Amino acid sequence: MKKLVLLLIVTVSIGTQAQSRFEQGMQKAFGLWQEGKPWDAANMFERIANAEPNEWLPPFYVAQINVFQSFNEKDEAELKAKLKKAQDFLNDAKTLSPENNEELHLLQAQLLTCWVIFDGMKYGMTMSPKITQLYAEARKMAPNNPRVAFGKVEWEIGAAQYFKQDITPFCDDMKNALALFDSFEPKGPFYPSGGKEYAQQTYNRTCGSTPQE
């Protein structure tokens, strides 16, 4: 019995310690990201992903950083390398995540959008339908997720601008998507929850006024 109690204590202690290390590692990685060191943060998330092979959030953030750092990439070889790594880690996150995870659909859509931004003539025709489908599926999964709602309408406005169409009809949708940030509750610790500042700046730049006015 004494050995069993000792074993339970050790097991609980190890479990608590492992969870603590995970939390500390995630907090450190987010701290690096907030300090403007995205690649240091990505390396930290990658180390956590290797140490915690059952967690979907670390590989998700490795993929997200590589996608975010690809939006303005001009060198095709660099872009290809970043998005290859992003896709690999996104695939890992998909394997580990619960089903119907709208954040994974959103990130997949953003990854494909990087290719369209890089060369719309080459990639627009083949990837645009898939991006539209991913946003529609994500919105169906989580209609009140502000990043999904905002990403969807931002994509729609970008398409309208590309074809020189009036974007005014989309501004109310963008305003409504922006308002969702105020009431959104993440599903758990370290779940994606940011994006409001970017959304506000994009709304102001695109639609020319603030939603509070």
Side-chain angles (χ1 to χ4, degrees), residues 15-98 101-118 131 134-135 138 142 145-151 154-155 177-178 180-181 184-202 205:
T16 303
Q17 188 177 10
Q19 181 64 20
S20 177
R21 284 199 298 270
F22 173 74
E23 292 178 349
Q24 291 175 4
M26 293 294 284
Q27 289 169 354
K28 184 175 181 179
F30 281 115
L32 290 168
W33 203 353
Q34 290 172 347
E35 292 172 9
K37 302 175 181 175
W39 295 121
D40 291 340
N43 290 335
M44 176 64 72
F45 283 126
E46 188 170 347
R47 289 197 292 274
I48 299 171
N50 291 330
E52 304 283 351
N54 295 320
E55 298 282 353
W56 70 273
L57 284 166
F60 170 83
Y61 285 117
V62 177
Q64 189 179 61
I65 290 173
N66 276 273
V67 168
F68 285 1
Q69 295 299 314
S70 296
F71 275 114
N72 295 316
E73 180 60 62
K74 304 300 182 186
D75 185 281
E76 186 168 8
E78 289 289 330
L79 180 68
K80 186 175 182 179
K82 290 175 183 174
L83 294 184
K84 170 66 167 58
K85 185 165 187 174
Q87 188 65 67
D88 288 344
F89 277 89
L90 180 55
N91 290 342
D92 290 345
K94 289 177 180 177
T95 301
L96 298 169
S97 166
N101 187 333
E102 73 277 10
E103 297 289 349
L104 299 178
H105 277 60
L106 172 61
L107 187 55
Q108 184 69 70
Q110 292 170 331
L111 189 157
L112 297 179
T113 301
C114 290
W115 284 113
V116 176
I117 292 174
F118 178 75
I131 294 169
L134 286 164
Y135 277 124
N145 184 315
R147 282 174 305 286
V148 170
F150 194 88
E154 186 182 23
W155 165 253
L178 181 55
L180 291 175
F181 282 98
F184 180 73
E185 293 289 340
K187 296 178 181 177
F190 307 118
Y191 271 57
S193 61
K196 182 179 180 180
E197 182 178 357
Y198 167 80
Q200 180 72 69
Q201 293 172 353
T202 303
R205 182 176 63 254

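Note that the coordinates shown come from a computational prediction; the quantities given were computed from them, not determined experimentally.
Judged by distance alone, the side chains of Asn50 and Glu46 never bring a donor and an acceptor atom under 3.5 Å apart.
The local environment of NZ in Lys28 is sparse, with at most 12 non-hydrogen atoms from other residues, nucleotides or ligands closer than 6.0 Å. Enclosure of atom CD in Glu35 by more than 12 non-hydrogen atoms of other residues, nucleotides or ligands within 6.0 angstrom is indicated.
In this structure, the side chains of Thr202 and Phe150 come closer than 4.5 Å at one or more pairs of heavy atoms. Residues Phe190 and Gln27 are in side-chain contact: their nearest non-hydrogen atoms beyond the backbone lie under 4.5 Å apart. Between Glu102 and Arg147, every side-chain heavy-atom pair lies at or beyond the 4.5 Å cut-off. Contact check for Pro58 versus Phe22: side-chain heavy atoms found under the 4.5 Å cut-off. In this structure the side chain of Gln108 reaches within 4.5 angstrom of the side chain of Gln87, judged on heavy atoms. Proximity of Tyr61 to Pro192: side-chain heavy atoms (C-beta onward) are separated by under 4.5 Å at one or more points.
The salt bridge (Lys or Arg N to Asp or Glu O under 4.0 Å) search around Glu185 returns none, not counting sequence neighbours. Taking Trp33 as the reference, nothing meets the ring-ring contact (aromatic ring centres under 6.0 Å, His included) condition, with sequence neighbours excluded.
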Step by step, would you call Glu52 with Arg21 a salt bridge (charged side-chain N to carboxylate O under 4.0 Å, His left out)? CA-CA 10 Å; Glu52 304 283 351; Arg21 284 199 298 270; 5.7 Å; no
Could you walk me through whether Thr113 and Phe118 pass side-chain contact (heavy atoms from CB on, under 4.5 Å), step by step? CA-CA 8 Å; Thr113 301; Phe118 178 75; over 6 Å; no
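A distance of 5.0 Å separates CD of Gln110 from CZ of Phe68, quoted to the nearest 0.5 Å. Atom-to-atom distance recorded for Phe89:CZ and Gln64:CD is 14.0 Å, nearest 0.5 angstrom. Rounded to the nearest 0.5 Å, atoms NZ (Lys94) and CZ (Phe60) are 11.5 Å apart. Atom CH2 of Trp155 sits about 10.5 Å away from atom CG of Leu134, to the nearest 0.5 Å. The distance from atom CG of Leu90 to atom CH2 of Trp56, rounded to the nearest 0.5 Å, is 10.0 Å. Annotation: the span from Phe45 atom CZ to Leu57 atom CG amounts to 8.5 Å, rounded to 0.5 Å.
The two residues Ala42 and Ile65 come nearest to each other via the heavy atoms N-CD1, 3.6 Å. In terms of heavy atoms, Ala86 sits closest to Val67 at CB-CG2, 3.8 Å. What you find for Pro186 and Tyr191 is that their closest heavy atoms are CB-CB, 4.1 Å. Taking each heavy atom of Cys114 and Ser70 in turn, the nearest pair found is SG-CB, 3.9 Å.
Each of Leu106, Leu107, Asn101 was compared with Leu104 under the side chain to side chain contact (heavy atoms under 4.5 Å, CB included) criterion, and only Asn101 meets it.
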Side-chain donor-acceptor pairs under 3.5 Å in residues 73-84, sequence neighbours left out?
{"residue": "Glu73", "atom": "OE1", "partner": "Lys82", "partner atom": "NZ", "Å": "2.6"}
{"residue": "Glu73", "atom": "OE2", "partner": "Asp75", "partner atom": "N", "Å": "3.0"}
{"residue": "Asp75", "atom": "OD1", "partner": "Ala77", "partner atom": "N", "Å": "3.0"}
{"residue": "Asp75", "atom": "OD1", "partner": "Glu78", "partner atom": "N", "Å": "2.9"}
{"residue": "Lys82", "atom": "NZ", "partner": "Gln69", "partner atom": "O", "Å": "3.4"}
{"residue": "Lys84", "atom": "NZ", "partner": "Asp88", "partner atom": "OD1", "Å": "3.4"}
{"residue": "Lys84", "atom": "NZ", "partner": "Asp88", "partner atom": "OD2", "Å": "2.7"}

